[in-house]
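Below is one structure; the comments refer to it alone.
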Amino acid sequence: FSLCLYLISPLVPEMATQEVQLNETLSHLKTESDTLKTKLEEERAKLHDVELHQVAEKVDGLGQFVMKTRRTLKGHGNKVLCMDWCKDKRRIVSSSQDGKVIVWDAFTTNKEHAVTMPCTWVMACAYAPSGCAVACGGLDNKCSVYPLSLDKNENLAAKKKSVAMHTNYLSACSFTNSDMQILTSSGDGTCALWDVESGQLLQSFHGHAADVLCLDLAPSETGNTFVSGGCDKKANVWDMRSGQCIQSFETHESDINSVRYYPSGDAFASGSDDATCRLYDLRADREVAIYSKESIIFGVSSVDFSLSGRLLFGGYNDYTINVWDVLKGTRVSILFGHENRVSTLRVSPDGTAFCSGSWDHTLRV
Amino acid sequence: MTINTLAKGGWDREQMACFRKMEKVIVAMQDPDMGMKMRNQRLLITVIPHAMTGVLGELLLWCLTEAVHLSGMLVRYGYIYPLKEPRSLVLRPDESPYRFQTPYFWTSTRWPASELDYAIYLAKKNIRKQGELMEYEKERYSLLHKRINHTWDFVVMQAREQLRASKQRRKADRIVLECQEQAYWLINRPPLTLCAFCLCLQIETCRRALGRNRVKSSICLEGFVKYSEQYQNHDPIMQGCLPSNPWISDDTAHWTMSSEIVPTPTRLRVERWSFSFMELLKDIMGMREFMLYLEKEFSAENLCFWQACEDIRHGESSRILEKVEDIYKNFLAPGAARWVNIDSKTMDKTLQGLRHPHRFVMDDAQMHIYFLMKKDSYPRYLKSDLYKNMLAKAIVPQETKKSVFPFMRRQRHSSPSPAQAVIQVTEEDGHAKGAGRAGTNSAAGSHV
């Protein structure tokens with residue numbers, strides 16, 4: 001397709017004809033896009049011969065689950081927006097609205113490091129795989145990496161490295177398999193892959209029509225893909241090498257706040273403002289399950305799987321955490337405890353616990 | 001910047017500009033196709049070459065054409081706008097009414113037109129006309145709403161404010177101002193280029209997606225059931241973990257036993273190596289064991305090659321070149337010490353790519369070797385004595401008996417921070433730890 005044709009600016013008016021032309025082109029594009037989408041849905045439906053809960057009928061049901069809060073981390077002065085686990089299975093980094101990023105040893109509940117960011121609303125934070133650095137960002141439109149120093153007197157902010165630059169707020173960030181690359185998503189509608197050392201942009205990903213709110217890296221063996229979710233209700237799967245969108249799913253009815261891969265990498269779950277969590281299978285190329293209840297009307301802010309993938313944890317804006325049986329599609333448990341909406345939720349790397357962060361200024365494990 | 005306004009021959013800059021314009025007209029008038037006709041004129045018996053007659057008439061005609069063109073431009077760019085059909089910015093040779101645009105709304109004054117201002121204008125119109133916007137205005141309105149959603153409150157507030165302020169004006173002034181504004185935005189509205197671009201991308205993605213190979217749902221979903229079953233025992237939240245979940249019992253024994261490097265791994269851990277090749281390689285001890293096995297089979301270079309390729313993929317950009325060269329020297333060059341057996345097609349493609357090395361240049365070769373190991377060496381490893389012995393040796397921790405005094409909380413010991421561990425290594429080795437996996441040789445088993 002000739003992209004250049006469509007990049008004309010109506011600042012050069014031949015008013016009557018050009019405006020008509022532009023609108024005609026746009027509506028032509030729109031109809032073509034809609035026709036293709038319908039065709040795609042038809043193709044996807046052809047191979048859909050059974051529902052997940054039908055296949056799961058032979059599986060034993062899950063008994064009652066008793067999950068209690070084992071640790072409460074207090075120390076943030078404002079809403080907790082994001083958190084991430086360290087690979088050592090006990091440390092976490094969390095960020096909040098007041099601009100503070102704190103590294104905790106969640107097991108002892110001790111704070112180990114604290115950084116004050118120059119901006120408020122630090123919406124994204126991530127722990128480096130080596131455990132030696134953290135990345136964070138938010139309204140400053142940047143993603144910065146702070147190497148963690150054990151020298152109590154050293155000001156962490158001094159060694160800060162600015163890696164990513166977007167034209168709008170940073171909504172999520174994640175290190176890839178090493179400390180050397182970071183993947184970011186932003187309110188400017190794009191995702192980007194950066195080289196930490198040089199701050200160079202390695203690849204950018206265009207395709208979302210609105211803010212991108214979340215992303216997750218695939219655990220697959222050829223490990224070169226990731227999924228992102230945005231305000232355009234779409235979840236896109238990308239090839240990190242080429243920057244192309246390989247698959248796209250648009251079944252949610254509102255913004256997608258969180259996406260997380262199933263442990264095998266063959267599927268991913270998403271949580272949205274439409275109060276549902278959904279499971280999308282990548283090989284079947286379709287949505288295969290919806291986790292919702294009439295009584296749940298508040299949006300999901302964050303989702304994650306247990307280690308085996310049997311349980312899906314969802315943090316909701318009605319202050320609760322719902323635990324779903326992924327295979328049967330039923331709710332297994334509902335957890336109370338937070339005094340404001342749950343904004344972030346992650347299962348620990350070895351699956352022994354999960355941590356939730358909330359607008360009530362605390363984190364719970 | 002020079003303040004010398006005198007140019008050639010003592011004429012000042014402004015005059016020079018006028019001369020140039022006049023000269024342009026003169027040149028155009030002499031254009032062989034469109035210009036004035038020159039012939040040889042006859043005057044009685046003399047012939048006057050290259051002359052033209054009826055000059056006044058011709059000149060007037062010429063200037064008139066220019067004037068018509070200029071006035072058309074004035075209307076097209078909104079300096080004068082029509083009142084009867086405001087969207088049709090043309091000059092009509094009739095009695096239809098026009099109005100001068102106020103300088104505030106001249107294109108040059110306010111350039112570039114901002115999306116925010118346009119959004120405010122559309123919001124005002126929307127409120128005033130109660131939703132009756134033109135089709136293209138509705139489209140742009142919803143697109144802007146999505147794009148600058150975070151400041152939408154501000155937009156609506158501004159719109160309301162401006163509407164309120166305008167109500168206080170005299171009706172005539174208000175009408176004039178509305179027309180002025182409308183004319184301005186007709187010409188200067190921000191382009192819809194992004195919308196078109198997004199649609200194009202979407203179409204591309206759809207076309208690609210249509211060409212995908214899909215798998216039947218029954219097969220995929222069966223996969224989930226199998227996976228969950230296989231890993232159920234390994235899921236601490238579902239089945240608990242041995243000896244106990246550290247978060248519940250405050251005892252870190254479980255973590256100690258599952259550290260990256262331990263003398264004897266747990267049984268669950270060794271079992272996991274048999275679930276998939278990826279599980280084996282993800283675990284440092286698993287990879288080590290596999291390497292030992294491959295060495296026995298004289299195919300260890302495959303795993304070394306794979307590791308080196310991973311290092312390139314995830315390492316620093318600055319070291320890509322040197323790493324690629326190393327790989328070539330050690331694994332791909334004819335007669336290399338650890339030559340890997342890749343099929344000729346892949347080898348050719350890789351060698352070609354080496355001319356312009358980049359992060360992913362080894363991908364094809366790496367994948368070839370990966371699948372070779374997965375299909376061949378891995379299954380044999382699982383059947384080997386090496387693996388079976390490992391499994392037999394593996395410990396199954398005893399479940400911690402519930403404490404006699406359940407109310408006493410155990411002391412929670414802190415552990416060495418990963419950051420600290422790496423600093424130690426740095427001091428010992430004398431060079432910084434590079435890319436790669438979370439390789440913290442944590443002081444395994446030593447508590448603080």
Side-chain angles (χ1 to χ4, degrees), chain A residues 1 3 6-7 9-10 13 15 23 26 29-30 32-33 36-37 40 43 47-50 52 55-56 59 70 87-89 105 107-108 129-132 148 150 177-178 180 195 197-198 206-207 209-210 221 241 245 247-248 264 266 281 283-285 306-310 327 351-353 365, chain B residues 76 88-89 136 146 187 189 191-193 195-196 198-203 205-207 209-210 212 214-218 220-225 227-228 231-232 234-238 241 245-248 255 278 314-318 360 367 412 414-415 417-420 422 435-436 438 440:
Chain A
F1 62 93
L3 186 61
Y6 308 138
L7 292 181
S9 155
M15 273 331 284
N23 282 334
L26 277 174
L29 281 178
K30 225 158 178 260
E32 193 182 347
S33 172
L36 281 174
K37 276 198 208 168
L40 185 59
E43 285 296 310
L47 289 175
H48 189 58
D49 49 352
V50 71
L52 182 55
V55 172
V59 181
R70 304 289 172 182
K87 281 229 158 75
D88 75 349
K89 310 154 194 171
D105 177 352
F107 186 69
T108 58
S130 68
C132 302
L148 294 175
L150 284 153
N177 283 28
S178 76
M180 301 296 142
D195 177 58
E197 214 185 12
S198 59
H206 297 264
E221 51 195 358
R241 256 190 82 161
C245 174
Q247 284 171 284
S248 186
S264 72
D266 290 329
D281 186 309
R283 291 177 304 169
D285 192 30
S306 71
L307 191 131
S308 64
R310 182 68 192 271
L327 298 177
T352 48
V365 178
Chain B
R76 245 188 294 160
S88 171
L89 292 166
Y136 75 89
K146 270 189 231 161
I187 296 161
R189 59 174 177 255
L192 259 189
T193 53
C195 180
C198 275
L199 279 174
C200 290
L201 279 179
Q202 239 176 47
I203 291 174
T205 312
C206 270
R207 287 223 181 94
L210 276 169
R212 261 186 95 81
R214 278 177 204 85
V215 183
K216 266 202 300 197
S217 286
S218 45
C220 301
L221 301 176
E222 214 27 74
F224 293 141
V225 175
Y227 189 92
S228 297
Y231 280 84
Q232 186 153 330
H234 299 251
D235 189 340
I237 294 183
M238 290 191 60
C241 59
N245 189 324
W247 300 101
I248 303 177
W255 285 334
M278 202 60 217
H314 298 125
E316 304 104 313
S317 291
S318 52
F360 303 109
M367 224 179 315
R412 293 171 183 171
S414 59
S415 73
S417 164
Q420 188 176 48
V422 174
T440 60

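Basis for what follows: all heavy atoms, side chains included, without hydrogens, waters or symmetry-related copies. We name chains A, B, ... by the order of the sequence lines, and we start the count at 1 in each one.
The contact between A:Asp49 and chain B is made by backbone and side chain atoms together, counting heavy-atom distances below 4.5 Å. Both the backbone and the side chain of B:Gln232 come within less than 4.5 Å of a heavy atom of chain A. Both the backbone and the side chain of A:Thr352 come within contact range of chain B, each with at least one heavy atom under 4.5 Å from a heavy atom of that chain. In this structure, the portion of A:Leu327 lying under 4.5 Å from any heavy atom of chain B is its side chain and not its backbone.
Of the listed residues A:Asp88, A:Val59, A:Leu40, the one with more heavy-atom pairs under 4.5 angstrom with chain B than any other is A:Leu40. Interface remark: of the candidates A:Lys30, A:Lys89, A:Glu43, A:Lys89 forms the most heavy-atom pairs closer than 4.5 Å to chain B. Annotation: maximal heavy-atom pairing with chain B below 4.5 Å, among A:Asp266, A:Asp105, A:Asp195, occurs at A:Asp195. When each of A:Ser198, A:Ser306, A:Ser248, A:Ala56 is scored by its heavy-atom pairs under 4.5 Å with chain B, the top score falls to A:Ser306. Between chain A and the options B:Arg212, B:His234, B:Gln202, heavy-atom pairs under 4.5 Å are most frequent for B:Arg212. With chain B as the partner, the residue from A:Lys37, A:Arg241, A:Arg310 showing the most heavy-atom pairs under 4.5 Å is A:Arg241. Here B:Cys220 is the residue among B:Cys220, B:Ala209, B:Cys206 with the most heavy-atom pairs under 4.5 Å with chain A.
Here the NE2 atom belonging to A:His48 is positioned 12.5 Å from the CG atom belonging to A:Asp285, to the nearest 0.5 angstrom. Distance check: A:Ser264 OG to B:Met278 CE gives 13.0 Å after rounding to the nearest 0.5 Å. Atom-to-atom distance recorded for B:Ser228:OG and A:Leu307:CG is 10.5 Å, nearest 0.5 angstrom. Note that CD1 of B:Ile248 and SG of B:Cys241 are 7.5 Å apart. Values are rounded to the nearest 0.5 Å. The NE2 atom of A:His206 sits 12.5 Å away from the SG atom of A:Cys245 when rounded to the nearest 0.5 Å.
Salt-bridge annotation for B:Lys216 and B:Glu222: absent, with no side-chain N of the basic residue lying under 4.0 Å from a carboxylate O of the acidic one.
A 4.5 Å side-chain heavy-atom check between B:Cys200 and A:Leu29 finds at least one atom pair inside the cut-off.
A:Ser178 contributes a side-chain N or O that, together with a main-chain N or O of B:His314, makes up a donor-acceptor pair within less than 3.5 Å.
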